[in-house]
K.L.:
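Dropping a structure here in structure tokens format, bear with me for questions.
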Protein chains: 2
Amino acid sequence: MAEDTGSAPPRVTIRDVALAANVHVSTVSRALDPSKRSLIAEATRERVVAAAKELGYQPHLVASGLRRGQTLTVGIVVPDLGNPIYAPLARGATHALEGANYMPLLADTQDDHERLARFLRHLAERRVEAIIATAARLDDAQLLVEIAQRGIPVVTAVRTVSSTGLPAVLHDDTAGGRLAAEHLLDLGHERVAQVRGSLEVEPFVRRTEAFTAAVTAAGATLTDGVPPVPHLTADEGRSAALALLDVDPARRPTGVFVQNDVMALGALMAVRDLGLRCPEDVSIVGYNDAFFAAHTDPPLTTVRLDAYQVGHAAGVLALELIADPGQEHRGSSVPPELVVRRSTAPPGSGA
Amino acid sequence: MAEDTGSAPPRVTIRDVALAANVHVSTVSRALDPSKRSLIAEATRERVVAAAKELGYQPHLVASGLRRGQTLTVGIVVPDLGNPIYAPLARGATHALEGANYMPLLADTQDDHERLARFLRHLAERRVEAIIATAARLDDAQLLVEIAQRGIPVVTAVRTVSSTGLPAVLHDDTAGGRLAAEHLLDLGHERVAQVRGSLEVEPFVRRTEAFTAAVTAAGATLTDGVPPVPHLTADEGRSAALALLDVDPARRPTGVFVQNDVMALGALMAVRDLGLRCPEDVSIVGYNDAFFAAHTDPPLTTVRLDAYQVGHAAGVLALELIADPGQEHRGSSVPPELVVRRSTAPPGSGA
DNA sequence: TTGAAAGCGCTACCAG
DNA sequence: CTGGTAGCGCTTTCAA
């Protein structure tokens, strides 16, 4: 009888424990459920627990979930895990779910409509009990609504689609855009511009409108823009900033609002590419306060979006909706905050 | 009869489809399973499919999984999603799993032994079919081995623990450390130093040893080090670099190997804090080639670790082990690559 | 090719 | 307080 090494050890079930403890399986089930402690004699409970430990029993969450009608999972859909804002967001949500024994199923859509559609369907088939969607573009509205109508609570976060009326953890992008504008205006900038994200994404629309409105209201000049940047990468931010800045100095903006820190990284390079200095010749305001913002050269002035907090709130909201689906949760809003560092200064301060 | 808005729509099961299509549930099951297409009359299949679509039937992957003995999930454990190396790693793994309809359950241990222990247990209770562990410290060895012995394939990635003998997707940190050393030596540096990560983490041990060995072999001076940095943050990298550089210029290292790009971000600040210039006074070599490395000032010379590729390979390996647990997969190794940018130059090149 | 019946591992209801 | 029984939604033998 050679030892059968390598072969998987037989999985211990509740039945095995019942046999070992000389009780019925239903008794084992109760003995191992903390919420049923009162229903069982202390002595049997101890016997069962001992047998379970002895045998190395591990509960089967999937089986118990099937019976209980729950999966203890929540889908989290992000557009791009590589974008530094989504890591803290996912962490925040994960931590909120952890306490209730829920776990996230994480999917990365790469900002693609088709992939989002596939994932939403797949998450539904896995019977996630809620979905936290941070990857929505305006043309995803119908998709999200359909899922919600199928009875799965959908929480949108950061990238909301207000036309859907879905519960949302917002970030006040309007206030954020205004904050960026007012900061540049307060410093005395009279020619400003923005490097925008895709207008298929609601927050970028909001930032754009708010910035534009504040600048216009103050009578400053919003110089001709560049087209919205499709992908939120440093390289694309760099190209856009180059196009914006590589013009006759008399018409060149002295302050630029770049709607995302990763793109702002590229904008800082563009300034150097052109032999200009930041902030002496051009001030740059970013958005998000990503972890590297304090460590660029010069350190980046940026509008803080507390992604961890947004994620956490989204997780909490998802749990509430799971517990009480009928409830009218319209969600909450996380305010922006201007973080002034050294990439902004009064115009011409270097001359 | 008012419309019962708001209440969850009743979930359609295979039974409902069977009723609608006038067949037995087992027939529905077969009709909807592509691999059983040959077992069923085309006409009935069409009828069933039509009924399913009509009713809006969605398969219940959890229930089918329970019966089939699979969950289609793989646990991925990372030390810190905020560390930019783990986002691409998770993406690589996710993409590898996607094709086989597997999804990751992602957990973030915050580099904490207790949290890792909790998560591993929890993942086991959820019956993940494999675990990709990238968060292992040397003192986690036993934990990982226990899980593997319970019959769940464990793949370690990046942060391997070689004493466990677990299948691993390695990155050749020894070659990486040597690459960093040789680069500085080739440039003519004679006093070098390193900012090390925790020696509880095998890759940092490897990088440290390889760097030290190469420097010593070349007869250069390895200046007194600073203690390993516990957390891989820019701030801690900055403090460590300050301690290293804020000394008598005659003894100050001219080249520093910082074993992680995030810490290198801090090291670059430390150089500026001291009124020194990089690379003229101090050359800095980072590790990982994180996305921001090309965008620091100066752009960071670094040893590239292709995290996406490691993650992808780990995902593929996990799937192989699921399909064939007995197999002897010792894993693969992803080579490092030196990416030379402008944070390194010959010593004294600015004087 | 289809139907019937058993059961994945667990929980919850009903008796006693 | 404990045992028996049914069943979550699905797949898979085994017969017909």
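Numbers restart at 1 for each chain; the letters A, B, ... are given by sequence-line order, proteins then strands. Remember, it's a predicted structure, so these values are computed and weren't measured experimentally.
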K.L.:
With sugar-phosphate meaning primed atoms plus P, OP1 and OP2, does B:Leu39 contact a base, only sugar-phosphate, or nothing at under 4.0 Å between heavy atoms?
P.N.:
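Since a base atom lies under 4.0 Å of B:Leu39, the category is base.
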K.L.:
With a cut-off of 3.5 Å and sequence neighbours excluded, list every side-chain donor-acceptor pair involving residues 15-28 of chain B.
P.N.:
from	atom 1	to	atom 2	distance (Å)
B:Asp16	OD2	B:Thr13	N	2.7
B:Ser26	OG	B:Arg30	NH2	3.4

K.L.:
For B:Ala168, give me all partners under side chain to side chain contact (heavy atoms under 4.5 Å, CB included), at least two apart in sequence or on another chain.
P.N.:
B:Thr156, B:Thr160, B:Leu170
K.L.:
Using a heavy-atom cut-off of 4.0 Å to chain B, what are the terminal contacting nucleotides of DNA chain D, in 5' to 3' order?
P.N.:
D:dG9 to D:dT13
K.L.:
When you check every protein heavy atom under 4.0 Å of nucleotides 9-16 of chain C, what one-letter string (B, S, -) results, 5' to 3'?
P.N.:
BBBBB---
K.L.:
How is B:Ser35 classified with respect to the nucleic acid when contacts are heavy atoms under 4.0 Å: base, sugar-phosphate, or nothing?
P.N.:
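Here B:Ser35 touches no strand at all.
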K.L.:
Pair up each side-chain donor or acceptor in residues 61-73 of chain A with any protein partner under 3.5 Å, not counting sequence neighbours, and list the distances.
P.N.:
from	atom 1	to	atom 2	distance (Å)
A:Arg68	NH2	A:Asp33	OD2	3.0
A:Thr71	OG1	A:Thr73	OG1	2.9
A:Thr71	OG1	A:Arg127	O	2.7

K.L.:
With B:Pro79, which residues qualify under side chain to side chain contact (heavy atoms under 4.5 Å, CB included), at least two apart?
P.N.:
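Partners of B:Pro79 by the side chain to side chain contact (heavy atoms under 4.5 Å, CB included) criterion, ordered by chain and then number, come out as B:Tyr86, B:Thr109, B:Asp111, B:Thr134, B:Ala135, B:Arg159.
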K.L.:
Looking only at the side chains, is there a donor atom on one of B:His113 and B:Glu200 sitting less than 3.5 Å from an acceptor on the other?
P.N.:
no
K.L.:
Could you go through the side-chain contact (heavy atoms from CB on, under 4.5 Å) check for B:Thr94 and A:Asp108 one step at a time?
P.N.:
CA-CA 8 Å; B:Thr94 304; A:Asp108 176 334; 5.5 Å; no
K.L.:
Quick one, B:Thr164 with B:Val154, criterion side-chain contact (heavy atoms from CB on, under 4.5 Å). Give me CA distance, side-chain angles, the key distance, then yes/no.
P.N.:
CA-CA 10 Å; B:Thr164 60; B:Val154 176; over 6 Å; no
K.L.:
Output yes when B:Arg91 and A:Asp80 qualify as a salt bridge under the 4.0 Å nitrogen-oxygen rule, no when they do not.
P.N.:
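Salt bridge: yes.
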